[in-house]
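Report on the structure given below.
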Amino acid sequence: MFLFEIQNLSFRYPSHCGFELHPTTLSVEKGGLVGLLGPNGAGKSTLLKLMVGLARPQQGRVLLEGRPLQDLPVRERARKIAYVPQGLHFTFPLTVMEIVGMGRHPYVGRFQPFTAEDRAVCERALSLCDALDFKGRSYGELSGGERQRVLLASALAQTPRVLLLDEPTLSLDLSHQILLFEIVRKLHREEGLTVVVATHELNLAGRFLDRLVLMKEGRVFAQGAPQKVLTPGNIGAVLGVAVDKLSHKGDFPYFVPKNKNAVILRNDNG
Amino acid sequence: MNRTASKTFVLLFTAVFFVLVLFGCPLVGPTQVSWARVFQAWPPLPGNQDAQIFFSIRLPRNLLAALAGAAMACAGIVFQAVLRNPLACPFTLGVAGGSSFGAVVAILLGFTTLVHGFSLVTLFSFLGALFSLFLVYSLASMLRSFSALTLLLAGVAINYFFNALVLLAYYIADFTQAYAMIHWMIGSLDVVELGTVVKLALGVGAGFLALWALARELNLLSAGEELAKVKGVPTSRVIVGSIVVASLMTSAVVALTGPIAFVGLIIPHIYRLWIGNDHRFLLPCSALGGGAFLMLCDTVARSFFGSTEVPVGVLTALLGVPVLLWLLFHRRNYLAA
């Protein structure tokens with residue numbers, strides 16, 4: 001059973017120039033742990049935005065559990081899909097609890113205060129993201145890694161079926177990148193969440209995710225199991241970098257650039 | 001839990017302060033009025049001069065100040081939240097320009113008649129504000145975008161356009177007219193009939209309730225439009241709805257008082273600094289606080305300058321700036337968000 005079915009979806013930004021998502025068909029199975037990989041401007045973020053309904057496709061449609069996405073009221077959609085954008089910052093100061101509490105918005109009535117259950121869901125979301133320690137603090141005081149975990153907890157507070165993450169490890173150091181991927185893996189394993197992650201971390205994606213979709217210039221270039229998708233040939237063709245594949249303790253493929261002049265291809269429309 | 005308790009405390013404190021100011025300020029003025037003599041007998045005896053000054057002159061004017069301050073502070077909160085801009089105020093979308101233009105035209109044409117108790121200057125100013133809103137709304141619909149930036153730019157453009165027309169009218173006006181125009185544009189409170197105040201109160205009250213009902217949505221919108229949308233807020237509807245309501249409230253008030261500066265900017269910030277970003281509390285706190293602030297300013301404006309009266313729009317800025325600066329220096333982390 002597919003959770004998401006993307007049928008012949010195409011999208012262009014209103015300025016009629018630059019990036020375009022060419023007709024794309026893709027499906028995400030229930031309980032999948034999927035990575036979207038590809039260079040900047042390949043269409044990863046756009047695809048995520050189309051999947052959460054932030055952008056309206058020119059053609060094609062997105063089905064969520066067999067229903068067209070645009071037929072779902074925003075509130076109902078927010079109960080099923082949670083999305084963490086990249087590089088979020090706030091104009092007015094907010095506390096961690098206020099941000100996590102926003103995740104309960106699709107469940108709380110207009111004039112109702114939070115119930116004990118709402119609060120319990122928020123606490124649990126924070127603890128799943130290892131963020132309980134700073135629940136009383138202000139978001140502005142947190143480090144990049146802590147902020148990302150708070151945003152993730154806010155998404156979990158929606159108790160969604162599917163979690164869409166747009167470059168969650170952006171600007172995190174290596175240990176926080178690994179920590180974040182471990183949390184994502186844990187959520188998938190223990191909470192049964194379907195997760196789609198857009199990321200640039202080839203090696204971590206190969207290690208932590210079950211299925212990868214490699215995108216290039218608004219098209220799906222390859223998809224499947226990490227071992228199948230992550231090959232020096234595919235990486236060279238999509239990212240334009242000549243890489244060596246190293247094997248590390250078993251099945252996880254690791255890639256390093258061949259040498260200093262490893263950039264082999266230029267993106268023509270870049 | 002603790003935070004909610006302190007927010008409730010601030011709200012109660014502000015409410016008590018509001019009530020004290022509402023009934024205390026009418027006692028102050030060039031003619032001293034004593035509380036004991038006003039309420040010597042109930043209903044007041046015909047010859048009771050204190051009661052006459054209190055009930056038919058100062059209290060209606062004080063109520064007008066309360067309503068004007070409340071409406072502009074609420075509108076300020078909403079504009080800042082929806083546009084996610086700490087510099088936004090009730091006039092950001094061109095209401096000041098439009099209403100000034102309407103008022104100035106009425107003054108230039110020498111209209112002095114009353115329609116249903118409202119002067120033509122008031123009515124023209126209200127129409128001018130509505131017209132400027134209509135222009136901003138049309139521009140945004142033409143661009144098919146109700147994003148913060150579109151509204152902000154459209155509002156600023158419309159405001160400049162009307163300000164240019166206002167300057168033109170000012171230039172061709174004669175001396176008395178020019179004085180009337182400046183007086184109107186600084187913003188001042190006049191003695192009004194109780195009936196006018198009641199009509200305004202109904203409108204402002206309804207607007208406040210509509211905005212308060214959207215408090216949670218405003219919390220999310222002030223954090224980000226995309227964020228609000230993915231958390232289940234129908235963003236376009238809430239943005240347009242709250243902006244229309246806040247603008248109507250502002251237009252109605254400004255038509256009677258002129259564009260009194262600063263209340264709609266400073267009061268929201270004082271409460272954001274004090275209780276944080278929860279609009280369920282920010283809106284009632286700002287309404288009561290804005291009302292109290294404008295009542296105090298107006299009392300100073302009409303009482304402490306001898307026989308002349310200073311336009312209240314001058315005092316709001318003079319008194320408001322030190323308060324805001326004091327708060328900023330004592331809560332520096334507010335700036336480092």
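Here is the naming used below: chain letters follow the sequence lines, and residue numbers restart at 1 for every chain.
Using a cutoff of 4.0 Å between basic side-chain nitrogens and carboxylate oxygens, A:K135 and A:E123 are scored as salt-bridged.
The greatest number of non-hydrogen atom pairs below 4.5 Å with chain B, out of A:H89, A:R79, A:Q158, A:R104, is found for A:Q158.
Distance check: A:F4 CZ to A:I81 CD1 gives 4.0 Å after rounding to the nearest 0.5 Å. Annotation: the span from A:L193 atom CG to A:L187 atom CG amounts to 6.0 Å, rounded to 0.5 Å.
Neither the backbone nor the side chain of A:S138 has a heavy atom closer than 4.5 Å to any heavy atom of chain B. In this structure, no portion of A:I99 lies under 4.5 Å from any heavy atom of chain B. Contact annotation for A:Y139: neither backbone nor side-chain heavy atoms come within less than 4.5 Å of a heavy atom of chain B. The parts of A:R110 that come within reach of chain B are both its backbone and its side chain, each placing non-hydrogen atoms under 4.5 angstrom from that chain.
Of the possible donor and acceptor atoms, none in the side chain of B:S286 sits under 3.5 Å from a partner among the backbone N and O of B:A73.
A donor-acceptor pair shorter than 3.5 Å can be found between the side chains of B:R272 and B:Q80. Defined by atom type and a distance below 3.5 Å, a donor-acceptor pair is missing between the side-chain atoms of A:Q58 and A:R12. Between the side chains of A:T91 and B:N85, no donor-acceptor pair of N or O atoms lies under 3.5 Å.
A parallel orientation is assigned to the rings of A:F181 and A:F208, their planes being inclined by less than 30° (bins at 30° and 60°).
Contacts with chain A (heavy atom to heavy atom, under 4.5 Å) involve these residues of residues 206-216 of chain B, listed by number: B:A213, B:L214, B:R216.
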